[in-house]
Colleague: 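Below is the structure I would like to discuss, written out as structure tokens.
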2 protein chains.
Amino acid sequence: MVRTKMGSNIDVEICEQTIIHKDVVQKVSKAMSNDEDLENVADLFKIFGDRTRIRLLRALYQSEMCVCDMAYLLDMTQSAISHQLRILKQAKLVKNRKEGKVVYYSLADQHVMQILVQAYDHIKE
Amino acid sequence: MVRTKMGSNIDVEICEQTIIHKDVVQKVSKAMSNDEDLENVADLFKIFGDRTRIRLLRALYQSEMCVCDMAYLLDMTQSAISHQLRILKQAKLVKNRKEGKVVYYSLADQHVMQILVQAYDHIKE
DNA sequence: CTTTCATTTGAATAGTTGCTCATATATTTC
DNA sequence: GAAATATATGAGCAACTATTCAAATGAAAG
């Protein structure tokens with residue numbers, strides 16, 4: 001959070017091998033070791049980082065839907081949709097319920113969509 | 001936003017090929033056609049969806065840093081770091097300034113980190 | 001029981017990606 | 001100018017991923 005001025009922090013004139021600003025590295029290293037699991041956020045973003053899955057989440061934000069409807073909506077095969085829904089379900093982003101032969105999917109919770117919307121706002125600047 | 005009850009919306013008894021709930025699909029399709037570019041969010045998330053890049057952003061959130069310091073901090077080669085910084089810069093997530101031989105990177109804006117933090121909160125539930 | 005249909009699943013494939021290695025560029029110092 | 005150093009860059013490679021295709025489930029209907 002505190003932005004240090006670089007010009008005054010060069011305490012190691014010539015880097016031994018790769019490190020130049022020893023104090024900065026130590027400070028940042030200490031701050032980063034506190035909550036390690038922030039890095040697991042990458043796994044969540046990896047799931048968001050696919051056009052098909054974003055479209056699916058967005059569709060389900062509007063309404064609960066069955067697999068074949070989503071396939072029609074996105075103009076993709078049922079198999080492809082089913083594969084992606086499996087990934088979304090494993091990540092606990094969607095849930096499903098069965099009604100006869102038809103399986104209906106919906107968002108696991110509303111909070112998920114807030115992350116998408118905020119990212120959307122960021123892009124529009 | 002409005003969750004419709006599925007059981008009462010089956011207006012097409014037998015699906016022609018793949019579509020079952022015509023009205024739902026039409027409604028969702030209409031809602032999704034409004035702001036197309038929400039789907040471009042996937043590109044932003046694709047960048048967030050990498051452990052190394054998340055760690056870099058997190059480090060730069062603490063302090064401006066040069067390439068070799070980041071390489072030392074993350075225990076990776078300078079080349080690998082440089083490649084990732086290039087991706088982050090193309091996405092306008094970081095900026096850099098040159099001072100002699102050394103190139104210092106920093107976050108392009110603070111808003112970026114808010115998205116990460118919110119995702120982090122979501123994971124912790 | 002057989003057929004039909006919605007969905008799932010696994011293997012195969014084409015495309016993408018993150019890293020490494022070698023090399024190039026740019027700047028300082030001698 | 002030559003050597004040293006910080007960074008950037010491009011090719012190559014191994015690992016991963018999204019889709020397709022074929023086949024398997026599982027439930028309803030005849």
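Predicted, not measured: the structure shown is a model, and the values here were computed from it. The sequence lines fix the lettering, A, B, ..., with proteins before strands; numbering per chain opens at 1.
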Colleague: Between B/Gln84 (CD) and C/dT17 (C1'), how many Å, whole number?
Modeller: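 That distance rounds to 9 Å.
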Colleague: Does A/Val103 offer a backbone N or O that forms a donor-acceptor pair with the side chain of A/Asn96 under 3.5 Å?
Modeller: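 The answer is no, because no donor-acceptor pair under 3.5 Å joins these two groups.
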Colleague: With a 4.5 Å heavy-atom cut-off, do B/Leu60 and B/Met70 have their side chains touching?
Modeller: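 Heavy-atom side-chain distance check passes, below 4.5 Å.
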Colleague: Once you round it to whole Å, what is the distance between C1' of C/dA6 and CE of A/Met65?
Modeller: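 In whole Å, C/dA6 C1' lies 15 Å from A/Met65 CE.
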Colleague: For the hydrophobic clusters of this structure (ILVMFWY residues joined by side-chain heavy atoms under 4.5 Å, transitively), does one cluster hold both B/Ile123 and B/Ile115?
Modeller: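 Yes: a chain of side-chain contacts under 4.5 Å links B/Ile123 to B/Ile115.
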Colleague: Side chain of B/Met76 only, please: which of C/dT27, C/dC19, D/dT7 is the nearest?
Modeller: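 Of C/dT27, C/dC19, D/dT7, C/dC19 is nearest to the side chain of B/Met76.
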Colleague: Using whole Å, report how far CD1 of B/Ile81 lies from P of C/dT20.
Modeller: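 Interatomic distance, CD1 of B/Ile81 to P of C/dT20: 9 Å.
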Colleague: Is there a donor-acceptor pair closer than 3.5 Å between any side-chain N or O of B/Arg53 and the backbone N or O of B/Leu88?
Modeller: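 Flag not set: sc B/Arg53 to bb B/Leu88 has no pair under 3.5 Å.
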Colleague: Verify side-chain contact (heavy atoms from CB on, under 4.5 Å) between B/Val94 and B/Leu57, making sure each step is shown before the conclusion.
Modeller: CA-CA 8 Å; B/Val94 303; B/Leu57 291 174; 3.9 Å; yes
Colleague: Whole Å only: how far is the CD atom of A/Gln90 from the P atom of D/dT17?
Modeller: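 Checked: the CD to P distance equals 12 Å.
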Colleague: Once you round it to whole Å, what is the distance between C1' of C/dT17 and CD1 of B/Ile47?
Modeller: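 Interatomic distance, CD1 of B/Ile47 to C1' of C/dT17: 13 Å.
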Colleague: State whether the distance check finds a donor on one side and an acceptor on the other, under 3.5 Å, for side chain B/His83 versus base C/dT20.
Modeller: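 Per atom types, the contact qualifies.
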Colleague: So which one's nearest nucleotide on DNA chain D is more toward 5', A/Gly49 or A/Lys101?
Modeller: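 Its nucleotide being nearer the 5' end, the pick is A/Gly49.
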Colleague: Using only side-chain N and O atoms of A/Tyr72, determine if any of them is under 4.0 Å from OP1 or OP2 of C/dA6.
Modeller: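 Answer no for this pair, as no side-chain N or O of A/Tyr72 is under 4.0 Å from OP1 or OP2.
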Colleague: Is the phosphate of C/dG18 approached by B/Arg53 (side-chain N or O, under 4.0 Å from OP1 or OP2)?
Modeller: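 Yes.
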Colleague: When all nucleic acid strands are considered with a 4.0 Å heavy-atom cut-off, which category describes B/Lys89: base, sugar-phosphate, or nothing?
Modeller: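 Counting heavy atoms under 4.0 Å across all strands, no contact is made by B/Lys89.
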Colleague: Output the rounded distance in Å from NE2 (B/His21) to C1' (C/dC5).
Modeller: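 Value for this atom pair: 14 Å.
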Colleague: Can you find a side chain N or O atom of B/Arg86 that sits less than 4.0 Å from OP1 or OP2 on D/dA8?
Modeller: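 No, B/Arg86 has no side-chain N/O under 4.0 Å of OP1/OP2 on D/dA8.
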Colleague: Does D/dA8 have its OP1 or OP2 closer than 4.0 Å to a side-chain nitrogen or oxygen of B/Gln78?
Modeller: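 B/Gln78 to D/dA8 OP1/OP2: no side-chain N or O under 4.0 Å.
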Colleague: Could one point to a donor on the side chain of B/Ser79 or the base of C/dC19 with an acceptor on the other under 3.5 Å away?
Modeller: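 Per atom types, no contact qualifies.
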Colleague: Measure from NZ on A/Lys46 to C1' on C/dG18 and round the result to the nearest Å.
Modeller: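 Spelled out: NZ on A/Lys46 to C1' on C/dG18 is 10 Å.
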Colleague: Would you indicate what B/Thr77 reaches in the nucleic acid, counting non-hydrogen atoms under 4.0 angstrom: base, sugar-phosphate, or nothing?
Modeller: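 B/Thr77: backbone/sugar contact only, no base atoms under 4.0 Å.
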Colleague: Does C/dC19 have OP1 or OP2 under 4.0 Å away from a side-chain N or O of B/Thr52?
Modeller: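 Yes, because at least one side-chain N or O of B/Thr52 sits under 4.0 Å from OP1 or OP2 of C/dC19.
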Colleague: Mind calculating the distance between CE (B/Met70) and C1' (D/dA6) to the nearest angstrom?
Modeller: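 Atom-to-atom, B/Met70 to D/dA6, this comes out as 12 Å.
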Colleague: Within the structure shown, what part of the strands sits under 4.0 Å from B/Ser82 by heavy-atom distance: base, sugar-phosphate, or nothing?
Modeller: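 Answer is base: heavy atoms of B/Ser82 come under 4.0 Å of a base.
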